[in-house]
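Structure first, then comments.
One is the number of the first residue; the rest follow in order along the sequence. For ligands, and for the atoms within them, numbers begin at 1 and follow the listed sequence.
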Amino acid sequence: MKAPVRVTVTGAAGQISYSLLFRIASGAMLGEDQPVILQLLEITPALEALKGVAMELDDCAFPLLAGMVCTDDPNVAFKDTDYALLVGARPRGPGMERKDLLSANAEIFSVQGKAINDHASRDVKVLVVGNPANTNALIAQRNAPDINPRQFTAMMRLDHNRALTQLAQKTGKTIADVKNLVVWGNHSATQYPDVHNATVDGAAAMSLIDQPWYENDFIPTVQQRGAAIIKARGASSAASAANAAIDHMRDWALGSAEGDWVSMGIYSDGSYGIEEGLIYSFPCVCKNGDWEIVQGVETNDFSKARMKATEQELKEERDAVAHLLP
Ligand SMILES: NC(=O)C1=CN([C@@H]2O[C@H](COP(=O)(O)OP(=O)(O)OC[C@H]3O[C@@H](n4cnc5c(N)ncnc54)[C@H](O)[C@@H]3O)[C@@H](O)[C@H]2O)C=CC1
Ligand SMILES: O=C([O-])CC(=O)C(=O)O
């Protein structure tokens with residue numbers, strides 16, 4: 001058996017965590033040979049509810065759960081942590097865009113960025129889930145100057161998974177048949193799900209679908225899926241968000257599938273003309289515990305315009321939180 005690693009989850013008494021924590025403790029994220037110590041952060045009024053979640057985790061008798069810490073102190077929650085999943089933040093309700101949450105949530109991520117900087121393992125892998133995820137990840141990253149910016153990522157995997165399913169269903173194929181799809185940009189309604197380089201069972205995706213369906217059906221369905229879930233469920237996506245967080249962290253830690261791409265919100269190095277330093281989603285492959293941007297992906301004028309529009313939105317979000325960016 002390997003030595004245990006520390007996994008911090010914030011918002012641990014919330015909806016997403018109620019699915020996420022049990023899957024982390026079962027080995028779904030880091031493998032069935034990797035014991036974990038869960039370091040769970042909540043705000044003080046939610047500590048009693050968190051105690052209940054911890055009791056349920058105990059009652060699962062997970063062989064891989066090597067310990068648990070429940071706290072309302074970020075300095076304790078991030079101590080020596082190897083993996084940090086920043087989920088704790090207010091979710092949106094009907095009629096809101098995710099960036100409407102900036103003023104409510106941004107402060108959380110500057111406090112937590114500082115705590116990560118001061119206390120986490122120097123190799124920590126950070127995934128921001130709380131919305132608006134890309135800009136919250138930027139805030140956390142900028143408040144952690146001693147940690148490599150590559151270690152801060154934002155969750156785009158739910159958008160990626162949504163796009164996979166829409167394309168597989170339309171073409172009558174399975175998820176495993178779809179390869180090299182990417183969602184570019186921001187986790188927002190400007191995100192750009194791009195299938196120009198995707199294949200389905202070996203055939204070019206664009207040869208199997210028509211432009212009107214792609215433009216007027218597929219892209220808006222993926223962009224608006226979070227809002228559609230809120231409308232139908234009366235609450236924002238929780239189990240599918242937890243699942244995407246597991247996929248993102250598992251691939252980052254253990255490697256992504258050979259011959260395929262994943263979408264990750266990562267620190268832009270200027271690839272594809274996207275401003276350096278924004279947290280932007282690119283096509284990525286992961287190996288050896290690290291990610292790299294897939295280079296040389298063809299982008300036509302249709303794609304370039306959409307990639308720019310979502311970049312522009314990220315610049316505006318960044319400028320709106322300039323006071324939190326040291
Ligand atoms: N990036 C993505 O693809 C997705 C992001 N989300 C976002 O994830 C976030 C969480 O969603 P849910 O779990 O459904 O919300 P929730 O409201 O059920 O849970 C959030 C939890 O965070 C806690 N919290 C608030 N401030 C905190 C702080 N400073 N430190 C620690 N914990 C804190 C709350 O007490 C609450 O228990 C929301 O911002 C939501 O919009 C949701 C779905 C997908
Ligand atoms: O839409 C929301 O507010 C929750 C979320 O991020 C998603 O489901 O993609």
Nearest non-hydrogen protein atom, atom 10 (C) of ligand 1: Val87 O, 3.2 Å

Residue and atom name of the nearest protein heavy atom (relative to atom 6 (O) of ligand 2), distance in Å to one decimal: His187 NE2, 2.6 Å

Ionic contact status for Lys99 with Glu316, cut-off 4.0 Å: no

Lys/Arg N to Asp/Glu carboxylate O, Arg150 vs Asp290, below 4.0 Å: yes

Ligand 2 versus Arg225: contacting region, heavy-atom distance under 4.0 Å: neither

Atom indices of ligand 1 within 4.0 angstrom of Gln15 heavy atoms, with elements: 13 (O), 14 (O), 16 (P), 18 (O), 19 (O)

Partner of Glu317 under side chain to side chain donor-acceptor pair (under 3.5 Å), chosen from Asn134, Asn186, Asn136: Asn186

Hphob cluster co-occupancy, Val262 + Leu181, side-chain heavy atoms under 4.5 angstrom: yes

salt_bridge(Asp82, Arg6) N-O dist < 4.0 Å: no

Parallel, tilted or perpendicular: ring planes of Trp184 versus Tyr272, cut at 30 and 60 degrees: perpendicular

Parallel, tilted or perpendicular, as decided by the 30° and 60° cut-offs, for the rings of Phe282 and Tyr280: tilted

Nearest non-hydrogen protein atom, atom 19 (O) of ligand 1: Gly14 CA, 3.3 Å

Test of proximity, Arg98 against ligand 2: N or O pairs below 3.5 Å: yes

Heavy-atom check, side chain of Arg92 versus side chain of Asp100, under 4.5 Å: no

Heavy-atom nearest neighbour in the protein, as seen from atom 15 (O) of ligand 1, with distance rounded to 0.1 Å: Pro91 CG, 3.5 Å

Identity and separation of the nearest protein heavy atom to atom 30 (N) of ligand 1: Gln112 NE2, 3.4 Å

Proximity flag Ser237 to ligand 1, non-hydrogen atoms under 4.0 Å: yes

Ion pair check, Arg318 and Glu311, cut-off under 4.0 Å: no

Under-4.0 Å heavy-atom contact with ligand 1, by part of Leu158 that carries it: side chain

Under 3.5 Å donor-acceptor, Gln151 side chain and Val124 backbone: yes

Part of Asn131 with heavy atoms under 4.0 Å of ligand 2, whether side chain, backbone, both or neither: side chain

Which residue and heavy atom of the protein sit nearest atom 8 (O) of ligand 1, plus the separation: Ile16 CD1, 3.4 Å

Which segment of Ile230 sits under 4.0 Å of ligand 2 when only heavy atoms are counted: side chain

Atoms in ligand 1 flagged as close to Ala89, the criterion being non-hydrogen separation under 4.0 Å: 9 (C), 10 (C), 20 (C), 22 (O), 38 (C), 39 (O)

Lys170 with Asp217: basic N within carboxylate O range, under 4.0 Å: no

Spatial distance of atom CE (Met307) from atom CD1 (Ile274) [nearest 0.5 Å]: 5.0 Å

Sub-4.0 Å atoms of ligand 1 with respect to non-hydrogen atoms of Ala241: 43 (C), 44 (C)

Element-labelled atoms of ligand 1 that are located less than 4.0 Å from some non-hydrogen atom of Arg90: 38 (C), 39 (O)

Val129, portion touching ligand 1 at heavy-atom distance under 4.0 Å: both

Atoms of ligand 2, numbered as shown, that sit under 4.0 Å from any heavy atom of Arg92: 1 (O), 2 (C), 3 (O)

What side-chain donor-acceptor pairs closer than 3.5 Å can you find for residues 53-68, not counting sequence neighbours?
unit_1: Glu56; atom_1: OE1; unit_2: Tyr18; atom_2: OH; d: 3.3
unit_1: Glu56; atom_1: OE2; unit_2: Tyr18; atom_2: OH; d: 2.6

Donor-acceptor side-chain pairing of His119 and Asn75 below 3.5 angstrom: yes

Per-residue contact class, Arg162 against ligand 2 - non-hydrogen pairs under 4.0 Å: side chain

Ligand 1 contacted by Arg157 (non-hydrogen, < 4.0 Å): no

Shortest protein heavy-atom distance from atom 41 (O) of ligand 1, along with the residue and atom involved: Asn131 ND2, 2.8 Å

Residue His187 vicinity, atoms of ligand 1 by number, heavy atom under 4.0 Å: 1 (N), 2 (C), 3 (O), 4 (C)

Pair Met29-Leu85, side chain to side chain contact (heavy atoms under 4.5 Å, CB included): steps then yes or no: CA-CA 12 Å; Met29 187 170 90; Leu85 292 90; 4.1 Å; yes

Structural part of Ala238 in contact with ligand 1, heavy atom criterion under 4.0 angstrom: neither

Shortest protein heavy-atom distance from atom 37 (O) of ligand 1, along with the residue and atom involved: Glu42 OE2, 2.6 Å

Atom 28 (C) of ligand 1 - nearest protein heavy atom and its distance: Ile43 CG2, 3.6 Å

Ligand 2 atoms in contact with Ser237 (distance to a heavy atom under 4.0 Å): 7 (C), 8 (O)

